[in-house]
Amino acid sequence: MVSEFTKIVIDLIQSIPKSKVLTYGRIAKLAGNPQGARQVSWILHSSTKKYNLPWHRVINSKGNISLKTESEKQDQKFLLLKEGVKFCGEYQIDLANSMWNIESIDKIKEDKK
DNA sequence: AACCTGACGAAGA
DNA sequence: TTCTTCGCCAGGT
């Protein structure tokens, strides 16, 4: 049984356009749970393989890559750079430039109905 | 079954 | 401004 929240999160992530990124908190909020950023991380962790999600387009609210290991961070940075995302620090993304300005979460929701 | 953990984040101290 | 606490909740131990 997958919760509504989870479904929206997955749809949202799959909808992130190339060279754009979203933050955990932003996703959680859009999915209807402003405090659910943490769930977003485990959804990502557990569903990336199943749904083939662009996990690398999801970062934390500071615009940072927050993975555990260096090699993983480098992987993500590489993937983002390849798409044209700009960095303004070692693992610091230029949010003003790359944040996905999602305007219609409602559209995604409607598509699902 | 109880307890811990997590690729997070906002709010309080 | 940095540090701690608490909310969220599925999955693993």
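Side chains are part of it too, since the values below use all heavy atoms of this structure and drop only hydrogens, waters and symmetry mates. Residue numbers start from 1 in every chain, and the chains themselves are labelled A, B, ... in the order their sequence lines are given, proteins ahead of strands.
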Check your understanding: Would a distance-only check, ignoring hydrogens and angles, find a side-chain to backbone donor-acceptor pair under 3.5 Å from Lys68(A) to Lys73(A)?
Key -> no

Dump the pairs, protein N or O against N or O of nucleotides 8-10 of chain B, anything under 3.5 Å, distances to one decimal.
{"unit_1": "dC8(B)", "atom_1": "OP1", "unit_2": "Ser66(A)", "atom_2": "OG", "d": "3.1"}
{"unit_1": "dG9(B)", "atom_1": "OP1", "unit_2": "Ser61(A)", "atom_2": "N", "d": "2.6"}
{"unit_1": "dG9(B)", "atom_1": "OP2", "unit_2": "Ser61(A)", "atom_2": "N", "d": "3.0"}

Exercise for review: Could you name each residue pair satisfying side-chain hydrogen bond (donor to acceptor under 3.5 Å, both in side chains) that touches residues 46-55 of chain A, not counting sequence neighbours?
Suggested key: none

Review point. Rounded to whole angstroms, how far apart are OH on Tyr91(A) and P on dA7(B)?
Key: 17 Å

Point to revise | Rounded distance in Å between the P positions of dC4(B) and dT5(C) | key: 16 Å

Exercise for review: List for me each residue that meets side-chain hydrogen bond (donor to acceptor under 3.5 Å, both in side chains) alongside Thr6(A), sequence neighbours excluded, and say none if there are none.
Suggested key: Ser3(A)

**Study point:** Range on DNA chain C touched by chain A, heavy atoms, distance below 4.0 Å
**Key:** dG7(C) to dA10(C)

Review point. Which value, rounded to the nearest 0.5 Å, describes the distance between Ser15(A) atom OG and Ile8(A) atom CD1?
Key: 11.5 Å

Review point. Between the main-chain N or O of Lys62(A) and the side-chain N or O of Asn60(A), is there a donor-acceptor pair closer than 3.5 Å?
Key: yes

Can I get a per-line list of side-chain donor-acceptor pairs under 3.5 Å for residues 77-86 of chain A, giving both atom names and the distance, sequence neighbours left out?
{"unit_1": "Lys77(A)", "atom_1": "NZ", "unit_2": "Glu90(A)", "atom_2": "O", "d": "2.9"}
{"unit_1": "Glu83(A)", "atom_1": "OE1", "unit_2": "Ser19(A)", "atom_2": "N", "d": "3.2"}
{"unit_1": "Glu83(A)", "atom_1": "OE1", "unit_2": "Arg57(A)", "atom_2": "NE", "d": "3.1"}
{"unit_1": "Glu83(A)", "atom_1": "OE2", "unit_2": "His56(A)", "atom_2": "NE2", "d": "3.1"}
{"unit_1": "Glu83(A)", "atom_1": "OE2", "unit_2": "Arg57(A)", "atom_2": "NE", "d": "3.3"}
{"unit_1": "Glu83(A)", "atom_1": "OE2", "unit_2": "Arg57(A)", "atom_2": "NH2", "d": "2.7"}

Check your understanding: Just how far, in rounded Å, is P of dA7(B) from CD of Gln39(A)?
Key -> 14 Å

Check your understanding: Which residue pairs pass the side-chain hydrogen bond (donor to acceptor under 3.5 Å, both in side chains) test when at least one of the two sits in residues 23-37 of chain A, sequence neighbours left out?
Key -> none

Point to revise | Any side-chain heavy-atom pair of Ile59(A) and Ser66(A) under 4.5 Å | key: no

